[in-house]
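Before I ask anything, let me first share the structure, which is written out below as structure tokens.
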Protein chains: 2
Amino acid sequence: MFEKLRAYIEKHIKLTEEQFDLLKTCFVPMKLKKGEFLQRAGEVTRYGAFVVSGCLRKYVIDAKGKEHILYFAPEDWWVGDIESGLHQLPSLYFVDAIEHSDVLQIDLPSHQKIIEAMPAYASQYQLGLQKHMASKDKRIVAALSTSAEERYLEFLKTYPSIAQRVPQHMLASYLGISPETLSRIRKQKR
Amino acid sequence: MFEKLRAYIEKHIKLTEEQFDLLKTCFVPMKLKKGEFLQRAGEVTRYGAFVVSGCLRKYVIDAKGKEHILYFAPEDWWVGDIESGLHQLPSLYFVDAIEHSDVLQIDLPSHQKIIEAMPAYASQYQLGLQKHMASKDKRIVAALSTSAEERYLEFLKTYPSIAQRVPQHMLASYLGISPETLSRIRKQKR
DNA sequence: CCTGGGCATTGATATAGATCAAGAAATGAA
DNA sequence: TTCATTTCTTGATCTATATCAATGCCCAGG
């Protein structure tokens with residue numbers, strides 16, 4: 001498990017053995033069966049996680065009882081709700097496993113400890129946040145301005161592997177369209 | 001101009017005189033008339049800016065020639081396109097003044113210098129990014145799941161002062177609805 | 001090897017909101 | 001002030017997508 005994390009981090013920065021040891025003390029390995037929750041709305045988020053294998057999803061349930069998926073988190077992604085953890089506020093989001101998954105859990109104080117101990121990690125983290133912001137901006141524009149079909153095709157292009165492994169109704173939820181509409185779009189593309 | 005920036009930063013962290021002097025060397029004051037651009041799509045972003053007074057907007061023009069406003073930036077907000085500046089890629093976004101505005105420009109290297117010189121600023125910046133992420137997530141969910149009317153009312157609640165000062169068709173563009181629809185929604189609410 | 005409950009498909013209908021078009025009102029430049 | 005331009009409003013259609021409903025499918029657990 002830890003080797004996967006190491007490999008991921010070393011894509012960007014070199015780790016000394018001591019640094020790797022620090023990481024090992026901060027993350028806690030955990031297995032999740034399909035359908036198990038890492039976090040439920042209403043709870044204050046205590047942990048974020050790095051996904052070693054499998055796939056999780058983060059989603060809200062809105063006032064009308066509908067699910068809306070914020071993102072899928074397959075291998076090498078991070079999930080959590082920093083906002084909630086930071087301000088000790090109940091989270092709006094659920095996080096659960098849509099496949100049997102292995103994750104490395106970390107709490108916010110430990111993460112902060114890593115940031116303080118490893119400046120290179122800190123700036124890598126900052127870069128990651130900035131990158132994420134940019135992709136969220138794109139998604140906002142797409143949601144506001146493009147058709148269901150355009151969003152679907154764009155998703156296929158951007159995340160081909162995710163498109164293949166998640167159930168269709170979840171993809172629909174991510175795209176903000178009904179499962180029926182997605183089914184019709186796909187039919188038409190055949 | 002600089003006093004406004006100082007007051008803004010000192011909401012979160014204390015500044016010594018030396019630190020304030022450093023800031024003064026990093027930011028360049030600039031006046032923008034209504035309609036003037038801080039940045040155009042296609043250009044590599046060189047500067048971000050802190051808005052001292054007035055109001056700017058960041059927006060895209062999509063394939064069909066339509067504008068979509070990402071956000072408004074009145075006093076005490078920041079604008080820019082870090083993604084573009086960071087990777088030296090042409091930006092997708094325009095930034096222009098919708099009122100006569102005063103801004104303090106800063107380039108990415110200077111900003112990085114501040115982050116390295118002032119750890120408290122760095123962590124404040126990190127907090128800011130995280131907070132922004134959370135609000136963008138909310139906007140994504142809203143865009144995908146709520147009606148035009150709901151989004152309008154939510155905007156009024158969240159940014160009452162912005163709602164009053166920006167032209168209605170820009171608000172419509174931000175909300176992802178046509179100006180006609182927004183006009184009808186407002187009529188109904190009277 | 002059954003079998004039942006989630007998934008996907010398909011059809012029929014309803015509707016929010018877009019688009020087109022035209023007039024009214026506001027804004028600002030001269 | 002006056003004229004011109006931009007913005008806002010209102011009405012009449014049109015369309016993408018939701019919703020409702022029925023059917024078939026498939027694979028997971030007994």
Side-chain angles (χ1 to χ4, degrees), chain A residues 33-36 54-55 57 59 61-69 72 96-100 140-156 162-190, chain B residues 32-36 54-55 57 59 61-69 72 96-101 140-156 162-190:
Chain A
K33 291 207 202 88
K34 184 170 167 176
E36 278 186 333
C55 189
R57 84 226 240 240
Y59 65 98
I61 296 187
D62 72 18
K64 296 152 210 149
K66 280 199 164 180
E67 283 181 21
H68 303 282
I69 295 180
F72 300 102
D96 68 6
I98 63 179
E99 300 174 3
H100 174 78
I140 290 170
V141 172
L144 294 176
S145 72
T146 68
S147 70
E149 179 172 338
E150 288 170 304
R151 271 175 274 145
Y152 170 64
L153 295 177
E154 185 59 32
F155 188 89
L156 285 190
I162 295 182
Q164 277 165 334
R165 74 201 272 193
V166 307
Q168 210 167 296
H169 70 279
M170 289 193 189
L171 218 188
S173 161
Y174 177 96
L175 295 171
I177 64 187
S178 69
E180 293 94 331
T181 296
L182 181 54
S183 169
R184 283 186 255 261
I185 289 169
R186 300 190 67 214
K187 180 186 180 183
Q188 204 187 316
K189 291 283 136 189
R190 260 183 275 130
Chain B
L32 290 169
K33 290 208 203 92
K34 185 172 166 172
E36 278 186 335
C55 189
R57 87 228 238 239
Y59 65 98
I61 297 188
D62 72 18
K64 296 152 210 150
K66 280 201 164 180
E67 284 180 21
H68 302 282
I69 296 181
F72 300 103
D96 69 3
I98 62 178
E99 298 173 5
H100 174 78
S101 306
I140 289 170
V141 173
L144 294 176
S145 71
T146 67
S147 70
E149 178 171 337
E150 287 170 305
R151 271 176 275 146
Y152 170 64
L153 295 177
E154 184 59 32
F155 188 89
L156 284 191
I162 296 181
Q164 275 165 336
R165 73 201 275 191
V166 307
Q168 210 167 295
H169 70 278
M170 289 192 189
L171 219 188
S173 161
Y174 176 95
L175 295 172
I177 63 188
S178 70
E180 293 95 329
T181 296
L182 180 54
S183 171
R184 283 187 254 261
I185 289 170
R186 300 190 68 217
K187 181 187 179 184
Q188 205 187 317
K189 292 282 134 190
R190 263 184 270 129

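Lettering follows sequence order; numbering is per chain, from 1. These numbers come from a predicted model, not from an experiment.
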Can you measure A:Arg186 atom CZ to D:dT17 atom P for me and round it to whole angstrom units?
17 Å

Using a heavy-atom distance cut-off of less than 4.0 Å, which residues of residues 165-175 of chain A contact DNA chain D?
none

From D:dT19, C:dG17, D:dA18, nucleotide with atom closest to A:Thr181 side chain:
D:dA18

Once you measure the plane-to-plane angle for B:Phe72 and B:Phe155, does it fall in the parallel (<30°), tilted (30-60°) or perpendicular (>60°) bin?
perpendicular

Rounded to whole angstroms, how far apart are CD on B:Gln188 and P on D:dC8?
19 Å

Would one find a side-chain N or O of A:Lys64 under 4.0 angstrom from OP1 or OP2 of D:dT19?
no

Verify side-chain hydrogen bond (donor to acceptor under 3.5 Å, both in side chains) between B:Ser183 and B:Glu180, making sure each step is shown before the conclusion.
CA-CA 5 Å; B:Ser183 171; B:Glu180 293 95 329; over 6 Å; no

Is there a donor and acceptor pair closer than 3.5 Å between the side chain of B:Glu180 and the base of C:dC20?
yes

Look at B:Arg57 together with B:Glu67 and state whether they make a salt bridge at an N to O cut-off of under 4.0 Å.
yes

Show your reasoning for whether side chain to side chain contact (heavy atoms under 4.5 Å, CB included) applies to A:Ile61 and A:Lys66.
CA-CA 5 Å; A:Ile61 296 187; A:Lys66 280 199 164 180; over 6 Å; no

Would you state whether a donor and an acceptor, one from the side chain of A:Arg184 and one from the base of D:dT19, lie under 3.5 Å apart?
yes

Phosphate OP1/OP2 of D:dT6 contacted by B:Lys34 side-chain N/O (<4.0 Å):
no

Can you tell me how far P of D:dA16 sits from OH of A:Tyr152, to the nearest Å?
19 Å

Side chain of B:Ser183: nearest nucleotide among D:dT9, C:dG11, D:dT17?
D:dT9

Using OP1 and OP2 only, check whether a side-chain N or O of B:Lys187 sits under 4.0 Å from D:dT10.
yes

Between D:dA16 atom C1' and A:Leu182 atom CG, what is the distance in whole Å?
15 Å

Does B:Gln188 reach the main-chain N or O of B:Ile185 with its side chain, forming a donor-acceptor pair under 3.5 Å?
no

Indicate, with a heavy-atom threshold strictly under 4.0 Å, whether A:Ile177 touches base, sugar-phosphate, or nothing.
sugar-phosphate

B:Lys66 NZ to C:dA18 C1': how many Å, rounded?
7 Å

Counting N and O atoms only, with roles assigned by atom type, does the side chain of A:Thr181 sit under 3.5 Å from a partner on the main chain of A:Ile177, one being a donor and the other an acceptor?
no

Report the C-alpha separation of A:Lys64 and B:Glu150 in whole Å, then their side-chain angles, then the decisive distance to 0.1 Å, and conclude whether the salt bridge (charged side-chain N to carboxylate O under 4.0 Å, His left out) test is met.
CA-CA 13 Å; A:Lys64 296 152 210 149; B:Glu150 287 170 305; 3.4 Å; yes

Rounding to a whole Å, what distance do you find between B:Ile185:CD1 and D:dC8:C1'?
14 Å

